[in-house]
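Some notes on the structure that comes next.
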Amino acid sequence: MTLSIYNTLNRTKEPFQPLNPNRVGMYVCGPTVYDFAHIGNARPVIVFDVLFRLLKALYPTVVYVRNITDVDDKIIKKSEETGEPIRAITERTARAFHDDMAALGALPPSVEPRATDHIAEMIEIAQRLIEKGYAYEAEGHVLFNVPAMDDYGRLSNLDRDSIVAGARVEVAGYKKDPADFVLWKPSTDDQPGWESPWGRGRPGWHIECSAMSGKYLGVTFDIHGGGQDLIFPHHENEIAQSTCAHGAPFVRYWMHNGYLMVEGEKMSKSLGNFITVRELRGEAPGEAIRMAMLSTHYRQPIDWTRKGLQQAKDALDRFYGALRANADIEAAGSEIPAAVKDALCDDLNTPAAIAAMHEIVGRLNKAESRSEKSLVKGDLMASAEVLGLLQQDPEAWFKWAPESTGEAVGLSDADIDRLIEERKAARKAKDFAAADRIRDDLKAQGIVLEDGPQGTSWKRG
RNA sequence: GGCGCGGUGGCGGAGUGGCUACGCAGCGGCCUGCAAAGCCGUGAACGCCGGUUCGAUUCCGGCCCGCGCCUCCA
């Protein structure tokens, strides 16, 4: 089965045909590093990580570029508010981002360019746009002239008039057209800035993605992803900049993940329901967060709930339980099973792929011979890898404890093992009352015991 | 106002013009000292009203409800 992708540009599912099958290129808009990543930021990272893994399984080379935006007015504002130097903010936040995304099981992209390392490329694009008559200088700004481009608004399905009519911000007087947007803007002495043909200044937001995607993937490349909220204006403006500057098509397949709500409400700072990945990692393993995210198709809206996260964790308990029961079996083969591959090739249908994994887990639990177990375990591990799941040791999974439990409050692993030994002795002596008392005490502290053929194992509920 | 998305069983969530995933929860059974886990079995749904059709949850039209975007929020 060949990969098909829903292309926002044409609003249909299309067979994926890479420009060069030996080198597939994809670009995803990365974070602006001024604060911890929230759960909405995590969605595209996880979704496009699965796509990256799938593409790597299908094609010999995949170049995945995800930028870091380290020059932005929000960063400047943060620095003004806190007094922390800009460079310190961006470095610290980028590190936290990497740490969070790794915890969510996301592979690092092939290239992770920083905006501040590509100012020269941005200036060059702006200059080229001026030369070709698509942009103009005004009061130290360089602006893209929207009416100069024929089919501006195709991706977002907006025409210039409705953009202008819907504008919520007062239009600056130096703009030729109200829809024009900034490529370069002047900086004051206390703002970060770089020398340019238009004086000391800094880039607009959209230009960086055009510069960095062009540098690492070429003027025309295969896939560009991001959240639906970036369709307008960010991606629309990237298209305008890149196609007009290079006179060539830009992106062949545009992919956008759906929105995320929290407990039925839009996540916003004013509602106080802003959830950072950091916070959530204290409540559940990163892999459970990933599982919850992949349990809904990427284009559907997600309502993020505590209950949903718990359900994801329970599902992973079932998967890891099967692995723990077959810990001594070596997985055979590395081919992705057809059901999982077909699901993912159908526009990244991760819920269907997870359903197929449940079926495989059922077969693993039922398998009788070692050779059968080995084959089925191979199917499971290959499926898990492309989804970025089941990448840790089952014992480690079951021993995961929430931060709030803490060492002082909760039982240590050694304490638990000691109590299990005590209970074993009691059971041997047929003192079931004592044995059950130990089990009940542990259960009250969130530790569930399971007696199996190889002895007693435990997990944190 | 313009553009767009969603409404599936108790819950989460795929999908399909007829054979109605998958998981959790429930119920019955096997297993177990008893449990847990696992296995077997089982009930339960497609917002409303029309239309097309032999037949619609699936296609078309209208309506209701929820949500998003319309210059820098993934």
Side-chain angles (χ1 to χ4, degrees), chain A residues 8 11 28-32 37-48 69 72-74 146 153 156-159 161-172 175 178-182 204-206 225-234 236-237 256-261 264-269 291-292 295-297 299-303 305 307-315 317-319 321-322 324-325 339 343 346 349-359 361-362 364-366 427 430-433 435-436 439-440 443 448-452 456-459 461:
Chain A
T8 308
R11 279 161 268 274
V28 174
C29 295
T32 300
H38 63 250
I39 190 68
N41 297 317
R43 170 118 100 145
V45 172
I46 293 169
V47 163
F48 292 106
T69 299
D72 183 274
D73 288 1
K74 288 192 293 290
V146 167
S156 55
N157 203 19
L158 292 169
D159 57 34
D161 291 344
S162 62
I163 292 165
V164 172
R168 294 176 298 196
V169 172
E170 202 178 327
V171 176
K175 287 189 180 181
D180 292 352
F181 59 90
V182 166
W205 177 35
H206 319 297
Q228 274 173 4
D229 56 323
L230 292 183
I231 292 174
F232 189 90
H234 185 51
E236 197 68 73
N237 291 352
H256 294 96
N257 61 270
Y259 286 94
L260 183 140
M261 312 263 292
E265 288 182 307
K266 185 184 175 170
M267 182 166 65
S268 74
K269 282 185 173 151
M291 181 73 167
S295 294
T296 299
H297 183 86
R299 280 191 283 116
Q300 291 292 104
I302 284 190
D303 186 17
T305 62
K307 189 174 175 188
L309 183 57
Q310 183 60 44
Q311 286 202 359
K313 189 168 177 293
D314 291 345
D317 276 351
R318 175 172 144 85
F319 289 3
R324 174 151 80 175
D346 182 16
N349 191 336
T350 52
I354 289 169
M357 280 181 72
H358 275 289
E359 189 275 331
V361 167
L364 181 57
N365 284 331
K366 269 177 283 189
R427 289 180 72 205
K430 302 268 190 240
D431 184 357
F432 294 119
D436 290 351
R439 188 171 62 194
D440 292 345
K443 179 150 194 199
V448 179
L449 298 191
E450 291 171 11
D451 298 327
T456 300
S457 56
W458 61 273
K459 66 179 182 188

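Note on naming: letters A, B, ... go to the chains in the order of the sequence lines (proteins, then strands), and numbering restarts at 1 for each one. Excluded from the calculations below are hydrogen atoms, water molecules and symmetry mates; all remaining heavy atoms, backbone and side chain alike, are included.
Here B/G68 presents its C1' atom at 14 Å from CG of A/D303, a figure rounded to the nearest Å. Distance, A/F232 CZ to B/C69 P: 13 Å, rounded to whole Å. A/H358 has its NE2 atom 11 Å from the C1' atom of B/G13, to the nearest Å. Residue A/F181 contributes atom CZ, which lies 15 Å from atom C1' of B/C70 at whole-angstrom precision. Whole-Å rounding puts the A/R324 CZ to B/G38 C1' distance at 13 Å.
Comparing the P positions of B/G47 and B/C11 gives a spacing of 13 Å, expressed to the nearest Å. Between the C1' atoms of B/G12 and B/A74, the separation comes to 23 Å (whole Å). Taking atom C1' in both B/A14 and B/U58, one finds a spacing of 13 Å when rounded to whole Å. The gap from the C1' atom of B/C49 to that of B/A56 amounts to 15 Å, rounded to the nearest Å. Separating the C1' atom of B/A25 from that of B/G62 is a span of 38 Å, rounded to the nearest Å. For B/C22 and B/U16, the C1' atoms lie 15 Å apart once the distance is rounded to whole Å. Atom name P, nucleotides B/C64 and B/C40: the rounded distance is 48 Å, in whole Å. Spacing between B/U8 and B/C48 at atom P, rounded to whole Å, works out to 11 Å.
Base engagement by A/P178 is indicated by at least one non-hydrogen atom pair under 4.0 Å involving a base atom. Among the atoms of the strands shown, none is found under 4.0 Å from any heavy atom of A/I354. Residue A/D180 is in base contact, counting any heavy-atom pair closer than 4.0 Å across all strands shown. Heavy atoms of A/N157 sit under 4.0 angstrom from primed sugar atoms or phosphate atoms, though from no base atom. Counting any heavy atom pair closer than 4.0 Å across all strands shown, A/G308 reaches no nucleic acid atom. Residue contacts shown for A/H206 are absent, as no nucleic acid heavy atom lies under 4.0 Å away. Counting non-hydrogen atoms under 4.0 angstrom, A/H234 reaches nothing in the nucleic acid. Across all strands, A/A179 comes closer than 4.0 Å to base atoms (heavy-atom distances). Here A/K430 lies out of heavy-atom contact (under 4.0 Å) with every strand. At a threshold of 4.0 angstrom between heavy atoms, the contacts of A/S156 are confined to the sugar-phosphate backbone, with no base atom among them. A/Q300 comes within contact range of the sugar-phosphate backbone alone, with a heavy-atom separation under 4.0 Å but no base atom that close. Among the protein residues, A/R299 comes within range of no part of the nucleic acid, since none of its heavy atoms lies under 4.0 Å from any strand. Using a 4.0 Å heavy-atom cutoff across all strands shown, A/D229 reaches at least one base atom of the nucleic acid. In this structure, A/G362 reaches the sugar-phosphate backbone alone: every heavy-atom distance under 4.0 Å involves primed, P, OP1 or OP2 atoms, never a base.
Dashed line: the shortest gap from a side-chain N or O of A/K443 to OP1 or OP2 of B/A35 is not under 4.0 Å. Residue A/S295 places no side-chain N or O under 4.0 Å from the OP1 or OP2 atom of B/G12. Close to B/A74, at under 4.0 Å from its OP1 or OP2, lies no side-chain N or O of A/N257. One finds a side-chain N or O of A/K74 lying less than 4.0 angstrom from the OP1 or OP2 phosphate oxygen of B/C73.
Remark: B/C46 base-pairs with no nucleotide in the shown strands. Criterion, Watson-Crick or G-U wobble with two distances under 3.5 Å. As the counterpart of B/U58, no nucleotide is assigned, since no Watson-Crick or G-U wobble pattern has both distances under 3.5 Å. With a cut-off of 3.5 Å on both Watson-Crick or G-U wobble distances, the partner of B/C30 is given as B/G38. The nucleotide B/C19 finds no pairing partner, because no Watson-Crick or G-U wobble arrangement with both distances shorter than 3.5 Å includes it. Under the Watson-Crick or G-U wobble criterion, with both distances below 3.5 Å, B/C24 is paired with B/G10. Across every strand in view, B/G68 sits in a pair with B/C3 that passes the Watson-Crick or G-U test at under 3.5 angstrom.
RNA chain B is contacted by both A/A315 and A/I302; A/I302 maps to the nucleotide lying nearer its 5′ end (nearest heavy atom per residue).
Nearest nucleotide to the side chain of A/A352, out of B/A14, B/C3, B/A74: B/A14. Nearest nucleotide to the A/R318 side chain, out of B/C24, B/G13, B/A74: B/C24. Residue A/Q311 places its side chain closer to B/C11 than to any other of B/C5, B/C11, B/C39. Nearest nucleotide to the side chain of A/Y259, out of B/A37, B/G68, B/C5: B/G68. Checking B/G2, B/C73, B/U71 against every side-chain atom of A/L158, the shortest atom distance belongs to B/G2. Comparing B/A36, B/C70, B/A74 by their nearest atom to the side chain of A/L260 picks out B/A74. Listed nucleotides B/A37, B/G38, B/A14 differ in distance to A/N349; the shortest reach to its side chain belongs to B/A14. In this structure, the nucleotide among B/C11, B/C22, B/A37 sitting nearest to the side chain of A/K307 is B/C11. Nearest to the side-chain atoms of A/D451 among the listed nucleotides B/A74, B/C70, B/C34 stands B/C34. With distances taken from any side-chain atom of A/M261 to the nucleotides B/A74, B/C67, B/C72, the minimum falls on B/C67.
Counting heavy atoms from C-beta outward, A/I46 and A/P44 have side chains that stay 4.5 Å or more apart.
Using modelled atom types, no side-chain atom of A/R43 and backbone atom of A/G227 make a donor-acceptor pair closer than 3.5 Å.
A salt bridge links A/D436 with A/R439: at least one charged nitrogen is closer than 4.0 Å to a carboxylate oxygen.
Between the side chain of A/R427 and the base of B/G33, at least one donor-acceptor pair of N or O atoms lies under 3.5 Å. A donor-acceptor contact under 3.5 Å is not formed by the side chain of A/R43 with the base of B/A74.
For the atom pair NE2 (A/H256) and SG (A/C29), the distance works out to 7.5 Å, reported to the nearest 0.5 Å. Separation of atoms CE (A/M261) and CD1 (A/I39) is listed at 14.5 Å; rounding is to 0.5 Å. The line from OG1 of A/T8 to CZ of A/R299 is 8.0 Å long, rounded to the nearest 0.5 Å. Taking CZ of A/F232 as the reference point, atom CG of A/N237 lies at 6.5 Å (rounded to 0.5 Å). Residue A/L230 holds its CG atom at 5.0 Å from CH2 of A/W205, rounded to the nearest 0.5 Å. Remark: A/E450 CD to A/T456 OG1 distance equals 9.5 Å, nearest 0.5 Å.
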